[in-house]
Amino acid sequence: MPIVDAWSKWMYLFLHGKTYAIYAQLGVFVYFFFETFFVRPRIYPFTVNFIGSLFAFGLLVDLVSHLFNNGTKSDLSKEQFISLFKSGRTHDLYGCIILVGAGVIDIFFNLLSAISIALVLAVTYLIVKARFYH
């Protein structure tokens, strides 16, 4: 499924602007990571941001470990992809859904969360467009 099969080729794509989902997910992780430390005194937003940072990091690691890039494309049909979503094979999408939920909850405490929601939606779009599963 990946367009590249070597770390060095993927790093070349990363350094030359060919991994949009990774850049966006890195931004989501950085947002939740810093928010976790800035809102420590208040337990509710801290918990939401901590969970967001865990899921953001997990999704980032998963996308990088599978060398996700702009050329990643599956040969699945939409129906097959939806079937895989229902069976849990597209766990990256579940992470995106949780991150959007965390961003929506966090928007009550910090309007900058709208940026993280937009970035997660961009990552979600790229994953669905590529019909990424594993």
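Scanning for side chain to side chain contact (heavy atoms under 4.5 Å, CB included) contacts around V30 gives F34, with sequence neighbours left out. Contacts of S8 classified as side chain to side chain contact (heavy atoms under 4.5 Å, CB included), with partners at least two apart in sequence or in another chain: A6. A search for ring pair (Phe, Tyr, Trp, His ring centres under 6.0 Å) contacts involving F109 returns Y44, not counting sequence neighbours. Residues passing the side-chain hydrogen bond (donor to acceptor under 3.5 Å, both in side chains) test with Y94, sequence neighbours excluded: none. Partners of I82 under the side chain to side chain contact (heavy atoms under 4.5 Å, CB included) rule, at least two apart in sequence or in another chain, are K86. Every residue meeting the side chain to side chain contact (heavy atoms under 4.5 Å, CB included) condition with A24, not counting sequence neighbours, appears here in chain and number order: L119, V123.
Of the options L76, L63, L84, a side chain to side chain contact (heavy atoms under 4.5 Å, CB included) to F132 is made by L63 and by none of the others.
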Query raised in the report: Could you go step by step and tell me if W10 and T19 meet the side chain to side chain contact (heavy atoms under 4.5 Å, CB included) rule?
Result: CA-CA 9 Å; W10 183 87; T19 56; 3.7 Å; yes

Requested in this report: Go through the steps to decide whether S74 and F81 satisfy the test side chain to side chain contact (heavy atoms under 4.5 Å, CB included), and finish with yes or no.
Outcome: CA-CA 9 Å; S74 170; F81 186 68; over 6 Å; no

Query raised in the report: Should K78 and R131 be marked as a side chain to side chain contact (heavy atoms under 4.5 Å, CB included) after you check the CA-CA gap, both sets of side-chain angles, and the distance that decides it?
Result: CA-CA 8 Å; K78 290 181 183 177; R131 296 185 185 134; 3.2 Å; yes

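Donor-acceptor pairing under 3.5 Å is lacking for the side chains of Y12 and N69. Side chains of D62 and H134: a donor on one and an acceptor on the other come within 3.5 Å.
Atom CG of residue L59 and atom CZ of residue F29 lie 12.0 Å apart, to the nearest 0.5 angstrom.
Judged by distance alone, with hydrogens and angles left aside, the side-chain atoms of S53 form a donor-acceptor pair with the main-chain N or O of F50 at under 3.5 Å. T72 places no side-chain N or O within donor-acceptor distance of the main-chain N or O of A130, the cut-off being under 3.5 Å. Checking side-chain atoms of Q25 against main-chain N and O of I22 turns up no donor-acceptor pair under 3.5 Å.
Between Y31 and N110, the closest side-chain pair of non-hydrogen atoms falls below 4.5 Å.
Separation of the F57 and F32 ring centroids does not fall under the 6.0 Å cut-off.
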